[in-house]
Protein chains: 2
Amino acid sequence: MSPAESRSSTAGTRRPTLNAVAARAGVGRGTVSRVINGSPKVSARSRAAVERAIAELGYVPNRAARSLATRRTDSVALVVPEAETRLFTEPYFSGIITGVSAGLADSGMQMLLVLPRDEKEYARLADYLSAQRVDGVLLMSVRSEDTLPDRLRELAVPTVLAGRRSREEPLRHVRCDNRGGARDAVRHLLGRGRAAVGTITGPLHMDAARDRLDGYRAALREAGAGEELVAHGDFTEGGGRAAMRELLRRHPALDAVFAASDVMASGAVLELRAAGRRVPDDVAVVGFDDSIVARHIDPPLTSVRQPLQKMGRAMASLLLDEIAGSGTGRHEVVLPTELIVRASA
Amino acid sequence: MSPAESRSSTAGTRRPTLNAVAARAGVGRGTVSRVINGSPKVSARSRAAVERAIAELGYVPNRAARSLATRRTDSVALVVPEAETRLFTEPYFSGIITGVSAGLADSGMQMLLVLPRDEKEYARLADYLSAQRVDGVLLMSVRSEDTLPDRLRELAVPTVLAGRRSREEPLRHVRCDNRGGARDAVRHLLGRGRAAVGTITGPLHMDAARDRLDGYRAALREAGAGEELVAHGDFTEGGGRAAMRELLRRHPALDAVFAASDVMASGAVLELRAAGRRVPDDVAVVGFDDSIVARHIDPPLTSVRQPLQKMGRAMASLLLDEIAGSGTGRHEVVLPTELIVRASA
DNA sequence: ATGCCGCGTGGGAGCGGTCCCACGGGTGGT
DNA sequence: ACCACCCGTGGGACCGCTCCCACGCGGCAT
C-alpha cells in the first residue's frame, strides 16, 4: 500500500462513533454515554465492557456533536488586542498565557487565541464570542474606558479580566499587588539610604499605573520623609526619557527613581547617562515587570516581578468557577509581587 | 429590570436558529443555508429577504451544528512545545503568531493555542488533534528527531511546520533564508574591513543552525579570504560565552564574530568585554533574530531580522491550501531576511 | 400545444452526541 | 403474597446545520 493510498484510506475511514462502541460492548448508547461522562449509575460489568470497546476501537468522542447537544463548547477565548501583541514580547503575556494554559489543561477546555486586529474587530467580538462559540472569555489588558467587558456581561458570557479597569470593577479579575510592589520598591530605595526618590508613572487612566503611584506615595509617607517627585510617562521608553528629563530639571538633587515599568526605566537610564549621572552611584533606578530588558540593559535593572504563571492559573480557575456557575468563587484575586534586586539599585 | 434579571433572561433566550430565519424570511431552510454559504443559486428576491431576516434576528450560525454536519471544525491548532514557551518572549513566536492570526482572520478559521507541557502530552497530541478536533495543525519549532509531524501525516492531518527538520523535509513548511541571512551578515563584516571573522553556531542538529553556518562559509569562500573560525554554541547566552572564549583562545587575532542568535551574541559580547576587547572597535559582532536583547544590550546589536509576520501569514496560507485540498500549493516557502545595522558591527 | 430543460426551491435524512422517560427485575416492608 | 421502590438500562427525541433529492414553474424549441 503506497503512502498515498494509506493516507486516503485513513482519511476515508470514519472514526468510530458512540453507536459503534455500544454495539461492540453489547450495551445501549445511553450506557456508553454514562461511562464516558463518569456517571456512577453504571454497573461494573457494563462499564468494563464499554471501556474495553472504547480501547479496542480507539474511540474519541466527537466534540461538535457533544457541543451541539449540551450547548457547551468546552473552549474559552483568550483575547489579546492587537495593539498589545507587540507586548507579546514581554514576559507578561507569555507568562500569563502559559499559566492559563496550565490552569485549563486538566479541565479539558480548549484555548482559543483571539487577536482582534483593530477597533472594529474588537468591537464585534462581543457578538462573535457570545454566539455560542466559547463558554468563557479571558480578556487581557482592558483599558479603563473599554466597554467590551460590560457587553459580555450583559450577554451573560462568563468573563475574567487580567487587571481591572477601575477600583469598582464589576467583573471578576486577577491582578498583582501593584500598590504593594511599588511600595516595596520604594522602601528598598529608602532603605539603601536614598533620600530624594522620584517616580515615573504610567498613564494614570490605567488602574495599574494609579496603584503603583499610590504605592510610591505610601512608602514615602510611612517613611515620613521626602517630597513627592512625580513625572508622568506612558509606559514607553521615550516617555520614560522625557519624564526623567523633567524630574532632573525640577529636582536636580534627586538620587533615586522608581519607574512604573522596565521600559520606562530603561529610558530613564539612558537619560540619566546623557545627563552625566551614573547609575546606580548617583541615581538608583528600580523598574516594574522584570521584563527581558531588565536583565540586559546596563546596569541590570532591579525590578518588581509579577507572579505571571500564577496569575494565569488564577484566571483560568476563576473562569472555570464562573462557567460552572459556582457563585462562590472569589471576585478578585490579588497576588503578591517580588522585588528582584540587581545592580541598578 | 435589574441587571441580574437582564442577565438571566438573556441567558435563557436561545439564540435564533436557521429555522427561525427561514420562517421569518418566508423561505425554506435550504435557501437560508445557501445564502449564508454564498451559493449563487438563490434569487435576488429570496436573498434579500433572508439577509433582512438575519439582520433583524441577529442570527449567527451555530458552529457546532455546522461542524457536525460538514465534518469540518473550521479551526486549526497552533502547537508550541512548552519547552519553547519561554521563547515566547522572543519576537519570533509573537511575530509568527500574529502573522498566523492575520492570515487566518479572513478565512473564518479559529486558532487554537496548544501548549503541551511535557513529552507525554506532546506525544499524545497526534491522537488528540486527529480526533476531528481541528482541520489542520501548525507546528512551531520541531526538532530534527521529532516524529509528531510524521504521525500527523499518516493520520492525514494537514500540517505546516515553522522551519524544517532536515533538507528532505517531506511536510510543507515555511522558513526564512537562514543561509542567505548569515551570508549577508558575514559579507557586512568583511565589507567593513574585518579580516578574521569567526562564527558561533547553534546546535547543528537543527537545520537552521546548519544553514547559518553554511551561509558563513559561503561568504568567506566567495570573498576568497579567511580561515574558517568556528565554535559551537547551543543558542543560550552561556553557550555563547563559552564559544566566544574558545574562539579567542584559538584565534586571538579574530576581529569579528557572527553569532547564529542574538542571545549567543549577547553572551559573546559579555565574554569579549571580560577579555578586555572593545565592541565593535576590537571585535565587531553580528547576531541573528533581531530580538529584544539586540536593541537593549550595549552596544546595540547588528542583527539579521526574519520577516516573522510574513512567515506566519505564509504558514496560514499554506495550511489553508492544504485543507482545501488544492495540491497546487507550494511545498515550502522561504522568505528573505534583512540585516539591521546597529552599533556592534 | 406539447415536451424538455434548468433554475430556484422546500424539506427529509442524516451528522454524533446528550437527556430523559419508561421499563424490567431485584429488594425490602407489610 | 403483594406492592412500592430503586437501580441500571435501552432507546426516542432532540441539538442546529448541510446535503441532496425531487418538485414546480417559466421559457424555449419542436
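Proteins get letters first, then strands, A, B, ... in listed order; numbering begins at 1 in each. No hydrogens, no waters, no symmetry mates; every other heavy atom, side chains included, goes into these values.
Between A:Arg133 and B:Asp74, none of the side-chain N atoms (NZ, or NE/NH1/NH2) sits under 4.0 Å from a carboxylate O, so this pair counts as no salt bridge. A salt bridge links B:Arg143 with B:Glu119: at least one charged nitrogen is closer than 4.0 Å to a carboxylate oxygen.
Overall, the helix from C:dA1-D:dT30 to C:dT30-D:dA1 carries an axis bend of 50° between its ends, with five pairs at each end and the value rounded to 10°.
Across all strands, A:Arg63 comes closer than 4.0 Å to no nucleic acid atom at all (heavy-atom distances). Residue-level contact check: A:Arg29 touches the bases, meaning some heavy atom is under 4.0 Å from a base atom.
For A:Leu320, the side chain to side chain contact (heavy atoms under 4.5 Å, CB included) partners at least two apart in sequence or on another chain are A:Leu104, A:Ser107, A:Met109. Considering only residues two or more places apart in sequence or on other chains, B:Thr147 meets the side chain to side chain contact (heavy atoms under 4.5 Å, CB included) condition with B:Asp150.
Bounding nucleotides for the chain B contact on DNA chain D, 5' to 3', at a heavy-atom distance below 4.0 Å, are D:dG16 to D:dC20.
Non-hydrogen atoms lying under 4.0 Å from DNA chain D are contributed by B:Asn37, all within residues 37-56 of chain B.
Here C:dG16 presents its P atom at 12 Å from CZ of A:Arg15, a figure rounded to the nearest Å.
Between A:Ser33 and C:dT18 there is a side-chain N or O to OP1 or OP2 distance below 4.0 Å. Side-chain N/O atoms of A:Arg71 include none lying less than 4.0 angstrom from OP1 or OP2 on C:dT18.
One distance of note links OG of A:Ser46 with CZ of A:Arg34; it measures 9.5 Å at 0.5 Å rounding.
One N or O on the side chain of B:Thr73 and one on the backbone of B:Asp135 form a donor-acceptor pair closer than 3.5 Å.
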Report, one pair per line, the protein and nucleotides 4-6 of chain C atoms (nitrogen or oxygen only) whose separation is under 3.5 Å.
none

